[in-house]
S.K.: 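The structure's right below; bear with me while I get my questions together.
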Amino acid sequence: MSGNNEGESFLLLVGGEHAQGILDGAPPLYWPELWGTRALLYVWHDSAAPAVIRALSNPAWRVREMAARVVAERDLPAASELVAMTADDTPRVRIAAARALAAVGTLDDLDAIRALLKDPLLEVRRGAQQARDALRSRFPGDS
């Protein structure tokens with residue numbers, strides 16, 4: 001995630017057969033960062049938390065989307081970063097941010113999710129509605 005070369009065996013482990021293309025000379029683009037971030041859904045050490053939070057602002061939308069998923073899965077304190085991501089240009093990132101806010105945010109974050117209920121894209125509005133409902137269910141009686 002930090003752009004370091006962790007070695008061929010690690011790349012093949014997290015990237016599967018697609019990683020072989022990179023090892024054979026294909027441009028890596030954002031794939032190693034995405035695969036490394038995705039691996040943190042399955043294995044975890046607390047030392048990875050700062051890198052995951054930094055990945056929320058990665059130039060590649062797929063990495064930002066995956067980092068939001070990891071934030072939700074690992075209950076990382078990144079609500080302010082996720083609120084900012086609800087204005088992302090990429091619909092899938094907006095949805096991932098809303099879902100992650102539902103997992104780690106507070107009722108103070110409902111306004112950011114509510115704004116997505118007016119998104120021009122139906123799938124974003126659906127994701128926002130699900131996130132709103134999930135966040136409210138974490139705080140029954142307070143919403």
S.K.: Identify the heavy atoms of E123 and I95 that sit nearest to each other, and give their distance.
M.R.: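 It is O-CD1, 3.5 Å.
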S.K.: If you group Ile, Leu, Val, Met, Phe, Trp and Tyr by side-chain heavy-atom gaps below 4.5 Å, do L117 and L121 land in one group?
M.R.: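 In one cluster with L117: L121, no.
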S.K.: Following the transitive rule for hydrophobic clusters with a side-chain heavy-atom cut-off under 4.5 Å over Ile, Leu, Val, Met, Phe, Trp and Tyr, establish whether W61 and L56 coincide in one cluster.
M.R.: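 Per the 4.5 Å side-chain linkage, W61 and L56 are co-clustered.
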S.K.: Could you tell me the separation between the CG atom of L40 and the NE2 atom of H45, rounded to the nearest 0.5 Å?
M.R.: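 Going from CG on L40 over to NE2 on H45, the span is 11.5 Å.
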S.K.: For the residue pair I22 and P32, establish whether any side-chain heavy-atom pair is separated by less than 4.5 Å.
M.R.: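 SC-SC contact between I22 and P32 confirmed.
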S.K.: Can you find a heavy atom in the side chain of V104 that is under 4.5 Å from one in the side chain of L76?
M.R.: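 The answer is no, as the side chains (C-beta and beyond) never meet within the 4.5 Å cut-off.
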S.K.: To the closest 0.5 Å, what do you measure between CE (M85) and CD (E65)?
M.R.: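 If I round to the nearest 0.5 Å, the distance is 8.5 Å.
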S.K.: Work out which heavy atom in A128 is nearest to a heavy atom in I113; give both atom names and the distance.
M.R.: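 Closest pair (atom of A128, atom of I113, distance): O-CG2, 3.3 Å.
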S.K.: Compare all side-chain heavy atoms of R94 with those of D119 and state whether any distance is below 4.5 angstrom.
M.R.: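 A side-chain contact exists here, since the closest heavy-atom pair is under 4.5 Å.
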S.K.: Is any side-chain heavy atom of E81 less than 4.5 Å from a side-chain heavy atom of I53?
M.R.: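 Heavy-atom side-chain distance check passes, below 4.5 Å.
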S.K.: Sub-3.5 Å donor-acceptor pair from the side chain of R38 to the main-chain atoms of V14, do we have one?
M.R.: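 Side chain of R38 to backbone of V14, a donor-acceptor pair under 3.5 Å: yes, one is there.
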S.K.: Let me confirm one number: the CZ-CH2 distance from R74 to W44, rounded to the nearest 0.5 Å.
M.R.: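 Taking CZ in R74 and CH2 in W44, the distance rounds to 6.5 Å.
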S.K.: Once you round to the nearest 0.5 Å, how far does OG1 of T106 lie from CG of L135?
M.R.: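 Reported value, rounded in 0.5 Å steps: 7.0 Å.
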S.K.: CZ/R132 to CG/D111 distance, rounded to the nearest 0.5 angstrom?
M.R.: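 Taking CZ in R132 and CG in D111, the distance rounds to 12.5 Å.
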S.K.: Can you name the nearest heavy-atom pair linking T86 to L116, along with the distance?
M.R.: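 What the structure gives for the nearest pair is O-CD2, 3.3 Å.
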S.K.: May I ask whether V83 and V124 are part of the same hydrophobic cluster, defined by side-chain heavy atoms of I, L, V, M, F, W, Y residues being less than 4.5 angstrom apart, directly or through others?
M.R.: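 Shared cluster, no.
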S.K.: Between R69 (side chain) and L41 (backbone), is there a donor-acceptor pair under 3.5 Å?
M.R.: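 No, the answer is negative, given that no donor and acceptor are paired below the 3.5 Å cut-off.
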S.K.: Of all heavy-atom pairs between N58 and A60, which one has the smallest distance, and what is that distance?
M.R.: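 So the minimum-distance heavy-atom pair works out to OD1-N, 2.8 Å.
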S.K.: Tell me, do W31 and H18 make a side-chain contact under 4.5 Å, heavy atoms counted?
M.R.: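 The answer is no; the side chains never approach within 4.5 Å.
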S.K.: Check the surroundings of atom CG in D24: do more than 12 heavy atoms from other residues, nucleotides or ligands lie under 6.0 Å from it?
M.R.: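 Atom CG in D24 is crowded, with more than 12 foreign heavy atoms closer than 6.0 Å.
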S.K.: As an exercise, state the distance from CG of D108 to CG of L101, rounded to the nearest 0.5 Å.
M.R.: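 Output value for this atom pair is 11.5 Å.
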S.K.: Determine whether V70 and V43 fall in the same hydrophobic cluster, where Ile, Leu, Val, Met, Phe, Trp and Tyr are linked whenever their side-chain heavy atoms lie under 4.5 Å apart.
M.R.: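 Different clusters.
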S.K.: When you measure from the side chain of R125 to the backbone of P120, do you find a donor-acceptor pair of N or O atoms at a distance under 3.5 Å?
M.R.: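 Side chain of R125 to backbone of P120, a donor-acceptor pair under 3.5 Å: yes, one is there.
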S.K.: Heavy atoms only: give me the nearest A68-A100 pair and the separation to one decimal.
M.R.: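 In terms of heavy atoms, the two residues are closest at O-CB, 3.4 Å.
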S.K.: Can you confirm whether D88 sits close enough to R64 that some side-chain heavy atom of one is under 4.5 Å from a side-chain heavy atom of the other?
M.R.: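 They are in contact (side-chain heavy atoms under 4.5 Å apart), so the answer is yes.
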S.K.: When clusters are formed by joining ILVMFWY residues with side-chain heavy atoms under 4.5 Å apart, either directly or through shared neighbours, do Y30 and L13 land in the same one?
M.R.: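 Per the 4.5 Å side-chain linkage, Y30 and L13 are not co-clustered.
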S.K.: Show the nearest heavy-atom pair for residues P50 and S47, with the distance to one decimal.
M.R.: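 So the minimum-distance heavy-atom pair works out to CD-O, 3.4 Å.
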S.K.: Counting only heavy atoms not in R126, do more than 12 sit closer than 6.0 Å to its CZ atom?
M.R.: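 Incorrect, the count does not exceed 12.
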